[in-house]
Amino acid sequence: MIRYLIKNNFKLMMRSATNILLYIVTPVILVALLSSAFDDLLEKYEANGSIKAGYSISADDTDVKAELLTEQVKTAANENDIILIEYPECDVEKKIMEEDLAGFVVFEKDGKYTVYQNGEHKYEAKALDYLIGSVDKRIAQFMLDAYRSDVPPEVKIDAEHPQYMEPIEASDYYGIVEVVYFGWCAVVCGAGIFTAEKKYHIGKKLKVSGLSELQLFLGKFIPMLLVVSISSLLTAGITILLFGVHWGSPLISALIVVMSAAAATAFGLMFYNITGNVVVTIIAVFAVVWVAGFTGGSFETYMLSTQPQVLKDISPIYHINRALTELSCMGHSDYTLSAITYCIMIMLVSAFVAVAAGYIRGRKGE
């Protein structure tokens, strides 16, 4: 019986072929537009060499912590290709613009400091801020250890650039992330099933068929997953042919795309089983996906985004985007496991909630 249901739902989806066609073509159009619009930005990102920054000291010579911080920051900066130039006390913002500095550090009393960042050099400014923060934490730990011990420990400061993504072309970046983003709009492909179910009261007829809620869920989930996965892979193939998009580790990348589609499909079905309304489901899913995409790098590249890292980590799209783009430009990614794990968790939780919601609605006679 469930095989018949899967086959029938697949046919219903094919009747809405326009939705599926748009689902395939729309990301291709966006890739063309976004890769062209942001090509110069990513080229600038790739061309970064030494980082030029300024600093001034407002603390006196007797401030041991300030002196230690200043000296160790200069040492760490020299080791990490950051050129620190000392300026006397001045109008910091004016000096940044005059000298085209990535940032400016003012070392103050008691080891305090202020970092000014140049908005036109966001990447370099973040690297500078990261380095100084790293040195400051190490010095604080050193001073705490020295206070607790009779024998002062040796000062060892090891500060390196944060691990930003390797250079990647705009066509590669957006050719990957837009496939992921639209993959999460999987509910569009199931609109044909939902509409027919409401129009012909298919749901009520299936209630007397003896199928469990899990079987009814799988009857929608499996054909939707097949269509969404194949459509996403077709989109990826088209972008490879048209724009030369490079997908690293094809098998692993394909697995992540399919797992992302599975999570998105279950997520959409969960909303539909809760609301029972196609329009509300599409609006709710699109709203959540837009927010997750915004924080996850689907619009502004995540390596240049000013969003707090904690917000990025919450978004499953961020983990998927980062895993796929790092596989593309580096051949490996520390986010591969988290991306797959995130997808599995979302799929299982969404499936459980969808089945439970379907059962409750069935008990109410809806």
Side-chain angles (χ1 to χ4, degrees), residues 23 26-28 30-31 33-35 37-38 41-42 45 122-123 126 162-188 228-229 232 235-236 239 245 247-249 252-268 270-271 282-330 332-347 349-350:
Y23 187 77
T26 305
V28 175
L30 275 180
V31 171
L33 294 175
L34 292 174
S35 61
F38 290 99
L41 176 63
L42 287 183
Y45 166 75
K122 291 194 293 184
Y123 167 75
K126 284 183 179 181
Q163 297 299 311
Y164 287 98
M165 190 185 74
E166 293 292 322
I168 184 171
E169 293 184 3
S171 58
D172 285 345
Y173 181 84
Y174 285 105
I176 291 171
V177 303
E178 293 309 318
V179 170
V180 174
Y181 179 76
F182 275 85
W184 275 84
C185 300
V187 68
V188 171
V228 172
S229 298
S232 296
T235 301
T239 57
V245 176
W247 291 73
S249 303
I252 297 176
S253 295
L255 173 63
I256 294 174
V257 170
V258 172
M259 293 304 301
S260 175
T265 301
F267 187 71
M270 177 187 71
F271 271 96
I282 292 176
I283 293 174
V285 170
F286 277 31
V288 174
V289 171
W290 188 90
V291 173
F294 179 77
T295 56
S298 297
F299 313 118
E300 181 184 25
T301 52
Y302 66 76
M303 65 279 196
L304 297 179
S305 172
T306 56
Q307 299 296 322
Q309 186 62 37
V310 65
L311 291 181
K312 296 179 184 178
D313 289 334
I314 293 173
S315 170
I317 292 181
Y318 171 74
H319 291 260
I320 298 166
N321 284 346
R322 183 150 184 177
L324 291 173
T325 50
E326 289 183 353
L327 284 171
S328 173
C329 63
M330 297 190 295
H332 63 86
S333 174
D334 294 335
Y335 280 77
T336 300
L337 181 60
S338 65
I340 294 175
T341 302
Y342 226 135
C343 290
I344 292 174
M345 290 176 60
I346 291 174
M347 180 181 65
V349 172
S350 297

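Index from 1, following the sequence.
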Please report the C-alpha distance between Asp172 and Thr325 in whole Å, then the side-chain angles of each, then the deciding distance to 0.1 Å, and finally whether the side-chain contact (heavy atoms from CB on, under 4.5 Å) criterion is met. CA-CA 8 Å; Asp172 285 345; Thr325 50; over 6 Å; no
Derivation and outcome, side-chain contact (heavy atoms from CB on, under 4.5 Å), residues Tyr23 and Val228: CA-CA 9 Å; Tyr23 187 77; Val228 172; 3.3 Å; yes
Please walk me through it: do Phe182 and Thr235 pass side-chain contact (heavy atoms from CB on, under 4.5 Å)? CA-CA 10 Å; Phe182 275 85; Thr235 301; over 6 Å; no
Going through the checks in order, is the side-chain contact (heavy atoms from CB on, under 4.5 Å) test met by Tyr174 and Leu30? CA-CA 8 Å; Tyr174 285 105; Leu30 275 180; over 6 Å; no
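A donor-acceptor contact shorter than 3.5 Å links the side chain of Thr239 to the backbone of Ala236. Using a distance-only test at 3.5 Å, with no hydrogens or angles considered, a donor-acceptor pair links the side chain of Thr295 to the main chain of Val291. No side-chain donor-acceptor contact under 3.5 Å links Ser260 to the backbone of Ile256. No donor-acceptor distance shorter than 3.5 angstrom exists from the side chain of Ser328 to the backbone of Leu324, with no hydrogens or angles considered.
Relative ring orientation between Tyr302 and Tyr318 is described as perpendicular, the plane-to-plane angle rising above 60° on a 0-90° scale split at 30° and 60°.
When the side chain to side chain contact (heavy atoms under 4.5 Å, CB included) test is applied to Phe294, the partners found at least two apart in sequence or on another chain are Trp290, Phe299, Gln307. Checked against side chain to side chain donor-acceptor pair (under 3.5 Å), Ser333 has the following partners two or more places apart in sequence or in another chain: Glu326.
Residue Ser232 forms a side chain to side chain contact (heavy atoms under 4.5 Å, CB included) with just one option from Val258, Val180, Val179, and that option is Val179.
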